[in-house]
Amino acid sequence: MELYKKYPVKITNSLGGKKEEFKPIKPPFVGLYSCGPTVYNEVHLGNLRTFTAFDIVYRYLTFIGYKVRYVRNITDAGHLTNDAGQGVDRIEERAKLEQLEPMEVVQKYTVGFHEVCRIFNIIPPSIEPTATGHIVEQIEMVKQIIANGFAYEKNGSVYFDVRKFMEKHEYGVLSGRNIDELMEGSRELNRQDEKKNPVDFAIWKGVSENHIQRWPSPWGEGIPGWHLECSVMGTKYLGKEFDIHGGGMDLKFPHHECEMAQNIGAYGTPAVKYWMHSNMLTVNGQKMSKSLGNSFLPRELFTGNHPLLERGFTPMTVRFFMLQSHYASTLDFSNEALVAAEKGFKKLMQACATIKNMEHPGGKAENPELDKTILELNSECFITMSDDFNTAKTLAVLFEMVNRINDFKSGNSSVKSISESNFKEFKETFLGFVKDVLGLQEETSQSDNLVKGVIELLIELRKKARTDKNFALSDRIRDDLKALGVQLKDGKDGDIDFTID
RNA sequence: GGUUCCGUGGCCGAGUGGCUAGGCUGAGCUCUGCAAAAGCUCCUACAGCGGUUCGAAUCCGCUCGGAACCUCCA
């Protein structure tokens, strides 16, 4: 039986807000779309949380046997920060500031984004489409929406007609917006607005003469509306109806709301079956964002060169830290929390190294009770992950497993307590969840191998000193290594382990 | 102002009607030549007030505090 049938996945669907059983449209295939970055500057750790969250979704669904096509876009076409026409185009702004072509800006930060993903062990998506690579398709979708009567052209721009749309469909269901209230709030904004209605949004935006990024269209030269690319690329690669669409909570409105309206407006279907929104990374309880100026860049994290950090932290520490909370909760970023995460992460990796080299001599379980516990822990990993990708709960289970592994190692219990087949499954499950599902990996550099060799040599010398009861020498080796940041750990059977700070 | 969410032990953070989450920290015990590591135990908490219930951190109401969205943002 497939794992996904044995451990059915439940997802909290933002559309409706309830936890639902996940039933793909065409199992074992799953279509997953998540919103990628706008590449006008460096991604920060807040952005990264969302990418990590959907990396986990992708990894887990794949792990339990689904054939997932994962699409994550790159927004490389500039968008005005407001639809009324006085907004700033971030990419254009950056290009002018750095005296670069907009596509140079885009290239630079796309490459940077990929590098950061690699460092944080975020798996590349199956397809990573760009907005500028799908201008033709976007124009076609605009035409279709106009043809269906849900959009109008004005001065070279095309707007989605929300009022007209609402005569036949609902708008605001995903984000729980009431359109009349929205209009109350925006009434006095722009009187000379081209839009018929303040809640209308651009699906094609005509641009002025001096705007660098521009494409020809039936309505004149311009740029696609921000919400359009996701509607277009999602349906192009995953079908008119697909399974999961994810993104940060802050995209729920207006971005995802508009996206859904566009899909209905063009094809008569909302396209997405399950909407997932990951919550914000916060700093002192406040959302981490570029505009608030409280964001952390990856390199600031590694070097510790940031007012709120006492020292640097590794990418895997941060990944572990993020996985300790559920994706739908806010998570507060702080020095103390990172220190705690670092220790926990090391403990987990140590257990990985331990069990990797551990073998079962064969035979039946000598301790049926422990044998049963081990079996339960294995399935508990799947149960917790299938419960709306609850990495926090899964980590708790994995730490239970760490205790059992350390028991085997220290001799508190023997691997012979459990059956050979259970041991094999236990080992595979533990390593599989840590590495493949959670994407946590050891962080070693090339020079580590040399260092390791040297330390092992010293360990051999110390073993000799200890058997000779030359404790003065053995202690000196241990203490001097300790001073250098190498901690030796004497095992019960004379084996010696070490960790490097 | 509108909409929505949150408030958990020293810290971080799961849980959402009865059963020890977990990580980090602190204390103790075991193991050890001594340490370290590891295992075990303990510090047993749910903002406040009221209600529903045999039973509430969990449901309902009010109060206080914080946040997000309504403008670009993951």
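Remember, it's a predicted structure, so these values are computed and weren't measured experimentally. Sequence lines set the chain letters: A, B, ... in the order given, protein chains first and strands last, and positions in each chain run from 1.
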- Query: 5'-most contact on RNA chain B: A/Met280 or A/Lys343, nearest heavy atom basis?
  - Reply: A/Lys343
- Query: Taking for each residue the nucleotide of RNA chain B with the nearest heavy atom, is it A/Leu395 or A/Leu488 whose nucleotide lies nearer the 5' end?
  - Reply: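 Final value for this comparison: A/Leu395.
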- Query: Do the ring planes of A/Phe408 and A/Phe426 sit parallel (below 30°), tilted (30 to 60°) or perpendicular (above 60°)?
  - Reply: perpendicular
- According to the interplanar angle, ranging from 0 to 90°, do the rings of A/Tyr58 and A/Tyr70 count as parallel (below 30°), tilted (30 to 60°) or perpendicular (above 60°)? tilted
Would you mind classifying the nucleic acid contact of [X] as base, sugar-phosphate or nothing, using non-hydrogen atoms under 4.0 angstrom?
X: A/Arg94; value: nothing
X: A/Phe471; value: base
X: A/Arg404; value: sugar-phosphate

- A/Phe51 stacking on B/A74: centroids under 5.5 Å, ring planes under 30°? no
- Message: Between B/A36 and A/Arg478, counting only base atoms on the nucleotide and side-chain atoms on the residue, is there a donor-acceptor pair under 3.5 Å?
- Response: no
- Side-chain donor-acceptor contact under 3.5 Å, A/Glu194 with A/Tyr159: yes
- Check: A/Asn294/A/Gln286 side-chain N/O donor and acceptor closer than 3.5 Å: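 No, A/Gln286 and A/Asn294 have no side-chain donor paired with an acceptor closer than 3.5 Å.
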Which value, in whole Å, describes the distance between the [atom1] atoms of nucleotides [N] and [M]?
N: B/A38; M: B/G15; atom1: C1'; value: 28 Å
N: B/G51; M: B/A57; atom1: P; value: 15 Å
N: B/C54; M: B/C6; atom1: C1'; value: 31 Å

- Considering only heavy side-chain atoms of A/Gln286, the closest of B/C24, B/G33, B/A67 is B/A67
- Query: Nearest to the side chain of A/Arg177, which nucleotide is it out of B/C69, B/G33, B/A74?
  - Reply: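 The answer is B/C69.
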- A/Phe433-A/Phe382 aromatic ring centre distance below 6.0 Å: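 Yes; A/Phe382 has its ring centre under 6.0 Å from that of A/Phe433.
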- Among all residues two or more places apart in sequence or in another chain, which pass the side-chain contact (heavy atoms from CB on, under 4.5 Å) test with A/Val207? A/His211, A/Arg214, A/Ile223
- Pairing string, 5' to 3', for RNA chain B - Watson-Crick or wobble contacts under 3.5 Å, brackets [ ] where pairs cross, | to another strand: (((((((..(((.....[...))).(((((.......)))))....(((((..]....))))))))))))....
- Take nucleotides 4-19 of chain B nucleotide by nucleotide from the 5' end and write B, S or -, depending on whether a protein heavy atom sits under 4.0 Å from the base, only from the sugar-phosphate, or from neither. --------SSSS----
- Task: Let me see the working for A/Phe113 and A/Phe51 under ring pair (Phe, Tyr, Trp, His ring centres under 6.0 Å), right down to the final yes or no.
- Result: CA-CA 11 Å; A/Phe113 168 61; A/Phe51 304 136; 5.1 Å; yes
- Item | A/Glu359 bridged to A/Lys427 by N-O distance under 4.0 Å |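 Here A/Glu359 pairs with A/Lys427 in a salt bridge, since their nearest N and O are under 4.0 Å apart.
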